[in-house]
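All remarks here apply to the structure that follows.
Just so we're on the same page: letters track the sequence lines, and every chain starts at 1. This is a predicted model, so every value here is computed, not measured. Below, each value reflects all heavy atoms present in this structure, side chains not excepted, and no hydrogens, waters or symmetry copies.
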Amino acid sequence: MQGGSGQSSMPFPSGSIDKTRVYDVKPLRSLDPVFPNSAQAPSSDGTCPSGFSPFFPFGAPQVPQASPPRVPMPTPIRAYRIPEPGEETPARASNGESTDNQKRAASNKSRSSQKKAKKSQDLQIDVSSLIGLSTSDREEGNRDVVNVVLMTFDGLRRRLSQLEDAKELTPGLVKRADMKAGNVLMSTGIRTNMKKRIGGVPGVEVGDIFYFRLELCVVGLHSQSMGGIDYTTIRGEYEDEAVALGIVSSGKYDDHTEDSNILIYSGQGGEKGDDQKLERGNLALDRSSRRKNEVRVIRGMKDPANPNSKVYLYDGLYKVQDTWIEKGKSGGGVFKYKFERIPGQASAFALWKSIEKWKAGVTSRTGLILPDISSGAEKFPVSLVNDVDGEKAPGYFTYLHSLRYSKSSIVPLAPDRCNCVKDCVPGDLNCSCIRRNEGDYPYTGNGILVSRKPLVHECGPLCQCFPTCKNRISQTGLKYHMEVFKTKDRGWGLRSLDPIRVGTFICEYAGEVVDRARDNDEYVFDTTRNFNPFKWNYEPKLLEEASTNDASEEYNIPSPLIISAKNVGNVARFMNHSCSPNVFWQPVVYEENNQSFVHIVFFALRHIPPLTELTYDYGIAGSAGSSAPKWRRKCLCGSSKCRGSFG
DNA sequence: GCATTATCATGCTG
DNA sequence: CCAGCATGATAATG
């Protein structure tokens, strides 16, 4: 049974698969990708707006219909933009081709997706205005929409996680805040890219990272919450056609190869030694292979910071170049698919592999000046790199990882400490530190900040709890391998060699506490500046049970705090400004030397892929009493929301 | 239209 | 560290 004969559209009649023979996949001409000369051809990145001339990812438009089929052929995939019922479909209509099937699929789709939402329809309308999502945003996303959906997901997830942590230990309780948050978002329509499409998903970029499978669902990158193969079925005139959309490779089945552009993926099914069947996802991958369709590839990676959790890396588009059958470990036949990466995409998985080698010292990297500019002051080395120009080092400073109070008029707060034994326990209102946090433990079990707050109260050295207590996150030092690097046009900058999960502690702003910043001092953190307000916490209206009276994100700092990192400081002094930053600051207070001081602590605003520059909002001085500094500068952050200047 | 099914998830226990 | 378990959500399938 050869698949390459080109005669049959079913190369594997069920039940008569010859597992010993390598599966020959000469391309079937009649199954080559067919994109009609219409405005609805999918573009490779999905950004082609309807009404504009289509982009043909395979070069010139192909005319495979030239060779007439002798057997009933499946209807070629016309377009993945399934029209809404009642929506005009000018290109197709003028071709005189039936769209009944697509319309049927579309109406099925919208019905089934709204089925669950029906009971909370009121909420859905309320919620979409709340979050600012339109119906078309749900259908097709963009960078901002994807970001809003992800922020909403994790805000709710963190809050639910916090509530779970505070509950009594009950044997039956399974902590799955991710599923609950995902379910709420799916059922209230806080999701995007519901329209299935081959190729890239608008708003998701190659190299983007995710920490839960449900995040992939809500942004429409991979709609299966567990399944590794995302596919759909096209209703054809004569028969239905399965098409693969994407895969998640968890690495469980030795899928990774030496060549970063190649991935060997195993089919699904065949659990207890049975042969896998050419159906569902397996069939879809086979079809996509013949059609040479693009398939999204998401690679499940070990999280370097947390061995228990996984990072999902979007590695862009691949094509299935070869498929065959192997004998699996349990004896049954297993489908194998050889994925080959489409050239010209941003480096993602390959970059991760390079970083692993740098960290292990296997390969030296270009531009490395110093392995550790902290000279051992930090737990992890802070490398110094310049692959842009000849500058050898930033100006001299002394490395210090916390605050120094010199000639400051800061009035320390009254000290307070808890008497907990071992670790402070979430939900324990006998703990005075938890009480000062309005009864909420500020961090989740794995140390992630739950909400921005007026002030976070951490345990201090004189608290009776163990130093391992989770309520000391900002005092535990760097968690990542950071790197100071020379940017193209903004001096030195800061980035991480490890992926950073939203809400994780990055570092505090170390330096000397001063009464007033000197005019020429560019290394200043000043809490009196005006900062762009932004929403990071969960939306209390989303879920009654997650609500609380105090969800304020306004900072409440007892007295103005100005820190200069010109002479002494840590990695934070290298972080540049951006008007759409990926890091934010949070005031944190704890006791030291019988006094309590406020610290400025940085947390990840969103997931940050490795080697992405870390930035925060420097704020703007001047409006409320304090005079504008002499060094206010033109902003080069490049964001679409850029305010033009900062400082 | 509704229930069933398959699935490279998670978190936790042993 | 890993195997195994319980609880699951999604969308295709029947």
Side-chain angles (χ1 to χ4, degrees), chain A residues 14 82 104-118 153 157 160-161 164-165 167 169-188 191 193-196 210-235 240-256 263-272 274 276-277 279-285 287 296-303 306-313 328-330 334-337 339 444-446:
Chain A
S14 52
I82 298 167
R104 197 177 68 215
S107 65
N108 279 343
K109 189 118 299 165
S110 59
R111 255 203 306 278
S112 67
S113 63
Q114 281 170 15
K115 188 175 58 184
K116 276 196 171 172
K118 206 170 277 178
F153 172 86
R157 189 200 62 79
L160 290 170
S161 187
E164 279 175 350
D165 288 348
K167 275 186 188 146
L169 278 171
T170 45
L173 181 76
V174 175
K175 294 186 175 181
R176 289 305 300 267
D178 59 318
M179 281 193 180
K180 183 139 197 188
N183 183 250
V184 170
L185 264 63
M186 296 293 269
S187 62
T188 55
R191 54 186 295 192
N193 291 311
M194 289 171 72
K195 188 163 46 194
K196 296 198 177 293
F210 304 87
Y211 282 77
F212 290 94
R213 288 288 299 263
L214 281 164
E215 289 181 323
L216 306 176
C217 292
V218 292
V219 300
L221 185 62
H222 192 93
S223 65
Q224 294 294 323
S225 61
M226 297 178 80
I229 307 170
D230 190 13
Y231 68 103
T232 193
T233 306
I234 312 299
R235 305 275 169 224
D240 297 344
E241 267 298 289
V243 191
L245 305 176
I247 57 149
V248 178
S249 161
S250 75
K252 195 172 168 183
Y253 295 114
D254 303 321
D255 296 321
H256 297 180
L263 172 69
I264 309 297
Y265 190 77
S266 303
Q268 58 191 193
E271 283 300 310
K272 335 169 256 288
D274 296 341
Q276 291 185 343
K277 293 178 188 150
E279 57 184 28
R280 299 171 184 273
N282 297 343
L283 178 65
L285 282 177
R287 286 292 183 266
R296 301 188 285 266
V297 168
I298 296 144
R299 293 185 184 250
M301 315 285 293
K302 229 179 211 142
D303 182 359
N306 191 349
N308 295 327
S309 96
K310 218 183 261 182
V311 184
Y312 294 98
L313 170 66
K329 277 175 196 153
S330 45
V334 173
F335 286 99
K336 292 284 179 178
Y337 302 91
F339 281 71
T444 64
N446 41 16

| said: Nearest 0.5 Å, please: how far is CD in A/Glu215 from NE2 in A/His222? | reply: 14.0 Å
| Base, sugar-phosphate, or nothing for A/Gly281, non-hydrogen atoms under 4.0 angstrom? | nothing
| said: Between A/Asp230 and A/Ile247 (side chain of the first, backbone of the second, donor and acceptor by atom type, cut-off under 3.5 Å), is there such a pair? | reply: no
| How long is the line joining NZ of A/Lys180 and P of C/dA9, in whole Å? | 10 Å
| Under 4.0 Å between a side-chain N/O of A/Tyr231 and OP1 or OP2 of C/dT13, yes or no? | yes
| task | Let me know the distance between CG of A/Leu221 and P of C/dA11, rounded to the nearest Å. | result | 14 Å
| said: Output the rounded distance in Å from NZ (A/Lys302) to P (B/dA9). | reply: 14 Å
| query | Roughly how far apart are A/Tyr312 OH and A/Arg213 CZ, rounded to 0.5 Å? | reply | 5.5 Å
| request: Keeping to residues at least two apart or across chains, list the salt bridge (Lys or Arg N to Asp or Glu O under 4.0 Å) pairs with something in residues 177-188 of chain A. | output: A/Arg176-A/Asp178, A/Lys180-A/Glu545
| Between A/Phe339 and A/Tyr337, what is the ring plane arrangement, given parallel below 30°, perpendicular above 60°, and tilted in between? | perpendicular
| query | A/His222 has an atom NE2; how far is it from atom C1' of C/dA9, in whole Å? | reply | 13 Å
Which atoms of nucleotides 10-14 of chain B (N or O only) lie under 3.5 Å from a protein N or O atom, and what are those distances?
| unit_1 | atom_1 | unit_2 | atom_2 | d |
| --- | --- | --- | --- | --- |
| B/dT10 | OP1 | A/Arg213 | N | 2.6 |
| B/dT10 | OP2 | A/Tyr312 | OH | 2.7 |
| B/dT10 | O4' | A/Arg176 | NH1 | 3.1 |
| B/dT10 | O4' | A/Arg176 | NH2 | 3.1 |
| B/dT10 | O2 | A/Arg176 | NH1 | 2.8 |

| Based on Watson-Crick and G-U pairs with both distances under 3.5 Å, what dot-bracket line describes DNA chain B 5' to 3', crossing pairs as [ ] and inter-strand pairs as |? | .||||||.||||||
| note | Taken to the nearest whole Å, CD1/A/Ile229 to P/C/dA11 is 16 Å
| task | Look at the side chain of A/Gln276 and the backbone N and O of A/Gly267, then say whether any donor-acceptor pair between them is shorter than 3.5 Å. | result | yes
| remark: A/Leu245 CG to C/dT10 C1', in whole Å, measures 14 Å
| field | CG on A/Asn306 to OH on A/Tyr211, rounded to 0.5 Å | value | 9.0 Å
| request: State whether a side-chain donor-acceptor pair under 3.5 Å links A/Lys196 with A/Ser223. | output: yes
| said: Rounding to an integer number of Å, can you tell me how far A/Asn306 CG sits from C/dC1 P? | reply: 12 Å
| request: Grab the CG-C1' distance between A/Asp230 and C/dT13 for me, whole Å please. | output: 16 Å
| request: Could you grab the distance from atom CD1 of A/Ile229 to atom CG of A/Asn282, nearest 0.5 Å is fine? | output: 5.0 Å
| When all nucleic acid strands are considered with a 4.0 Å heavy-atom cut-off, which category describes A/Gln224: base, sugar-phosphate, or nothing? | base
